[in-house]
Amino acid sequence: MNKGGLGGGGGGGPTAAAAAAAAQKQKTLLQRVDNDIGSIVDNFSFIVNVARVNDPPVRNSQEAFMMEVRASRMVQTADSLLKLVSELKQTAIFSGFASLNDHVEQRTEEFNQLAEKTDRMLARIGEEAAASLKELESHYYSSAQRNNLLCENHEPET
């Protein structure tokens with residue numbers, strides 16, 4: 001995932017055209033859902049309205065045929081909805097991966113920036129520690145107490 005370089009890593013997010021195409025596709029799919037559901041409701045309502053028994057056998061045959069036609073349309077519309085659901089699932093999965101990849105790239109960039117900041121802080125702390133150590137050594141080597149200890153340790157015995 002890491003692009004190797006520090007600093008700028010080229011975008012990689014969706015372009016405006018891709019976002020517009022995705023929005024248009026979503027709008028089209030939602031219109032298809034509305035149309036298919038409306039068709040199922042209309043056909044079902046027609047079947048319920050026609051589903052009464054009349055005396056003339058010819059009229060019953062005509063109504064039965066119309067009910068079969070409407071039921072067939074309902075089945076076709078339901079099949080269309082199933083295909084639409086499958087397409088929506090595929091779209092959600094693939095757009096989900098794109099979104100996930102964008103999120104991973106964003107987090108990687110954030111972590112790279114944090115790593116750079118930490119490296120700079122550690123370098124600064126190291127420099128400050130080296131300067132403080134040098135100052136302490138200077139004070140130690142120039143202190144009178146150290147000189148007294150050195151003199152006591154190197155006095156000749158008589």
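For this chain, numbers begin at 1 and follow the sequence in order. Computation of the quantities below employed the complete heavy-atom set of this structure, encompassing side-chain atoms and omitting hydrogens, waters and symmetry-equivalent molecules. Values in this document were obtained by computation on a predicted structure and should not be read as measured data.
The backbone N or O of Gln76 lies less than 3.5 Å from no partner atom in the side chain of Ser80, so there is not a single donor-acceptor pair. Between the side chain of Ser138 and the backbone N or O of Lys134, no donor-acceptor pair lies under 3.5 Å. A donor-acceptor contact shorter than 3.5 Å is absent between the side chain of Ser72 and the backbone of Glu68.
Salt bridge Glu128/Arg124: present, at least one basic N to carboxylate O contact under 4.0 Å.
Here the CD1 atom belonging to Ile37 is positioned 6.5 Å from the CG atom belonging to Asp34, to the nearest 0.5 angstrom. For the atom pair CD (Gln24) and CG (Leu29), the distance works out to 10.0 Å, reported to the nearest 0.5 Å. To the nearest 0.5 angstrom, Thr28 atom OG1 is 9.0 Å from Lys25 atom NZ. Distance check: Ile47 CD1 to Arg70 CZ gives 8.0 Å after rounding to the nearest 0.5 Å.
Residues Ile40 and Val69 do not share a hydrophobic cluster, clusters being chains of Ile/Leu/Val/Met/Phe/Trp/Tyr side chains in contact below 4.5 Å. Under the 4.5 Å side-chain heavy-atom criterion for Ile, Leu, Val, Met, Phe, Trp and Tyr, Met66 and Met74 are members of the same hydrophobic cluster. Hydrophobic clustering, with ILVMFWY side chains joined whenever heavy atoms are under 4.5 angstrom apart, keeps Leu82 apart from Val75.
Heavy atoms only, all atoms of each residue included: Thr77 and Asp36 are closest at CG2-O, 2.9 Å.
Using a 4.5 Å heavy-atom cutoff, the side chains of Ser45 and Val41 are in contact. The side-chain heavy atoms of Leu114 and Glu110, taken from C-beta on, include no pair separated by under 4.5 Å.
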